Amino acid sequence: MDMPAKHPDQLIFHLTGRLQASVRETALSATASLGLRPALLAPYRDLGTLRHDFPLLLDDRCQGSHVVHSLTSLVDAVLKDVAPRGIEGERLRRHGLQLECAIRRAVDQGAQGTLAELWDQAAVELGAREGETLEKVLSHAGGALPAEGELLGCTPDMPARLISHVWRAAQREKARLFHADLARLVLKLSDILRAAFSHSQAGRQPQSLRSSLGGPHQDAFDFNMLSRIVGKGAPRDELPADRRARLVHSLGVLESQRFFAAPDAGEDDSSDTVFGFAFDNCATAAQAYRDRLAELAELVKAIAVAELEAQGHYRPAEHDLLFESFDQNTLTSEDLARFPDYLVCIPPERNEATENVNLMEMLSSGLPVKVLVQTSDLLEEASIGTGHFAFGVRSARLATTAMGLGGMFVLQSSSANLVAMHTRIARGLACRGPALFSVFTGSAQTTGALPPYLSAAVAMQSRAFPAFSYDAAAGSNWAARFSLENNPQPDDDWSVETLAYVDNAQQRVSTPCAFTFADFALCDDRQATHFALVPSAHWDATMLPVADWLLLDERDAAQRVPYLLAVDARDALQRVIVDARLMQATRRCQLLWHRLQEHGGVHDSHAERLLARERAAWIAEQQPLATAPAAAPVTAATAGAATAEVETAAPVHSRDETWIDTARCPSCNECQLINDRMFGYDAKKQAYIKDLKAGSYRQLVEAAESCQVAIIHPGKPRDPNEPGLEDLLLRAEPFR
């Protein structure tokens, strides 16, 4: 514990974030120009050689969740079909993987086109190196591809194109069902009008009879005579005037509807006779919805009237008054679900524009809107300048805010994880009501040399932007609605991987290494001032990995300095220490992750508290049996009376006891923000002492001072040697 005195510059940098001029060239150095990245990312310098989910294919042949495929899965499917088993097919499988690698590199370099086009180009290039025969074999294998469509890399515009593609597939299914119903109703109403006309005097006129017969037999009849014969006694109009008007009006509304394009119209049909439903901002989408609502209500009314007329169930005395009052306020969620959803893909640079400020209002109002919100920056420079990391205030926490509104579908994910979650995406786009998709795209502008795919993957790996989904329609409880799927090691604070390297003695070493929010910040060149490089000669026992440092109490943490393992441009292993401001942001990221874990049933504090209570009760029951085996058994009635007496007795607390008046807690969450391991929430969302040993007396006093209703009582310090205790006792006195 004497090492801080030997290297005080490390502790000074950790506390202040500033390098001392006297030691700048010896003990510590700045990291701005060193090209550092977290050590766990060393194997990922060349993504083109690694098989992963990108590029992806947008398939136009399928429906639902089957419209998105990864190139890797398609190549595997082709090789499984065309490559013989055993050694005979090994050469073809090897060349197939080479072709996949060539396509991936081409897409990463900006190549665009369909899978078939890029496959043929790669086959030609491989054939030029390996021989014409191989080119023919690979081209033949390309003909067995199970899907066809455009290939996309993990670029900033990919999420909007993927969401739009899956959304169009969902709308095609709606259109198919709608046109089937529309054709049936139009035919039914037309038949009613046609039958009524044919039985009326107008329908029995010579010309009408000639038209109804048609064909080559018209000259064989005297339609004038036939008209006089069949027209005797025919009514002037078989239909009552009000019914005819109702049928004609409903038929006209059905045939002139503008919500679905004709079945034979292409997706690119931009005719003014059909509404568009894709927008790039919330204000325009909401206005379009309001402008069309009256027309939508009229169409729903016409469908309902047509259904009753087609079945012969329309009763004017019952239904006329009902449909007279039918308007846009009568529409139900089932009515809206039959029509196209409004898609809003907000460009990343327009998230905070005035036309998008009503996003939450639009979602909470239940409009049938699907919104994609993208962000490329989780570390906002302006906020850091004020001394606080605002990561996720407008991005990573947007989805959790929407989830709290309830009644909708919410999905958060990084762009690198969208292929893995495409089934969930399809479910969200096909659901009734609103849906929000919050996606972090990654950006080379904010993460130095990392490509967008890797920076997006790092955001999820570090818990800076975890993946989750919330489906309000999936069930009646959180276990059914909420999912943390696809997050690495979701039961733990941080994902931990094995780091293998060669030490100075040329020995292979393997060590577990956690990937934290601080590692994510290390990938961002703008955050270099929060790190300092420590030469290996100055490594000592007081330096502690970031994940381990976070587990320390305040007193022990003050004696240690947190560090990360990093590699430079030559992949040499380095240690960088982290300043206190970034460690504060890392701890806050950990707290937000804990809240998501509780939603997902991981480390549920309510369940753990109940388990601890039951365990304590069981131990209490066993102690009398162990100490006094001959004692008379306690009857159930006696035990029940004793329990009731304990429960009704008013608790008495001394000045030295640490306790919280839980019943008066307003759920402000201030104490948990100070130390969520010391303070917890019970089933009623009210605070209690979770683990007194998990924090310091200073944190108890700070929590008491910040409590809005003064219900936290610090009591007597647990550690009489805690620094600054005299001042803390004076501050605690009003609350004891």
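None of the values given here were measured: they were computed from a predicted structure.
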Under a plain distance cut-off of 3.5 Å, with no hydrogens placed, do [Y] and [X] share a side-chain donor-acceptor pair?
X: S414; Y: N417; answer: no
X: R258; Y: T273; answer: no
X: E148; Y: T114; answer: yes
X: H165; Y: D59; answer: no
X: Q489; Y: S495; answer: no
X: Q287; Y: D291; answer: yes

- Query: Is a side-chain donor or acceptor of S415 paired with a backbone partner of T441 at a separation under 3.5 angstrom?
  - Reply: yes
- Message: So that I know where these two stand, are F178 and F339 an aromatic pair - ring centroids less than 6.0 Å apart?
- Response: yes
- Do Y470 and W478 have ring centres separated by under 6.0 Å? yes
SB check [X] [Y] (cutoff 4.0 Å):
X: R463; Y: D519; value: no
X: R526; Y: D377; value: yes
X: R427; Y: D471; value: yes
X: D181; Y: R338; value: yes

- All heavy atoms of H530 vs all of L582, minimum pair found to be CB-CD2, 4.0 Å
Please set out all donor-acceptor pairs under 3.5 angstrom arising from side-chain atoms of residues 71-79, sequence neighbours excluded.
unit_1: T72; atom_1: OG1; unit_2: H52; atom_2: O; d: 2.9
unit_1: T72; atom_1: OG1; unit_2: E100; atom_2: OE2; d: 3.2
unit_1: T72; atom_1: OG1; unit_2: R104; atom_2: NH2; d: 3.2
unit_1: S73; atom_1: OG; unit_2: S70; atom_2: O; d: 2.8
unit_1: S73; atom_1: OG; unit_2: S70; atom_2: OG; d: 3.2
unit_1: D76; atom_1: OD1; unit_2: R51; atom_2: NH1; d: 3.3
unit_1: D76; atom_1: OD1; unit_2: R51; atom_2: NH2; d: 2.9

- side chain to side chain contact (heavy atoms under 4.5 Å, CB included) between D341 and W167: does it pass, once the steps are laid out? CA-CA 9 Å; D341 296 306; W167 172 79; 4.0 Å; yes
- Quick one: sort the F279 and Y342 rings into parallel, tilted or perpendicular, breaks at 30° and 60°. parallel
- Message: Does the structure place the NZ or CZ of R176 under 6.0 Å from the centre of the six-membered ring of F260, at an angle of no more than 45° from the ring's axis?
- Response: no
- Message: Can you list everything that forms a side-chain contact (heavy atoms from CB on, under 4.5 Å) with E125? Sequence neighbours excluded, please.
- Response: none
- Message: Does E485 have more than 12 heavy atoms from other residues, nucleotides or ligands lying within 6.0 Å of its CD?
- Response: yes
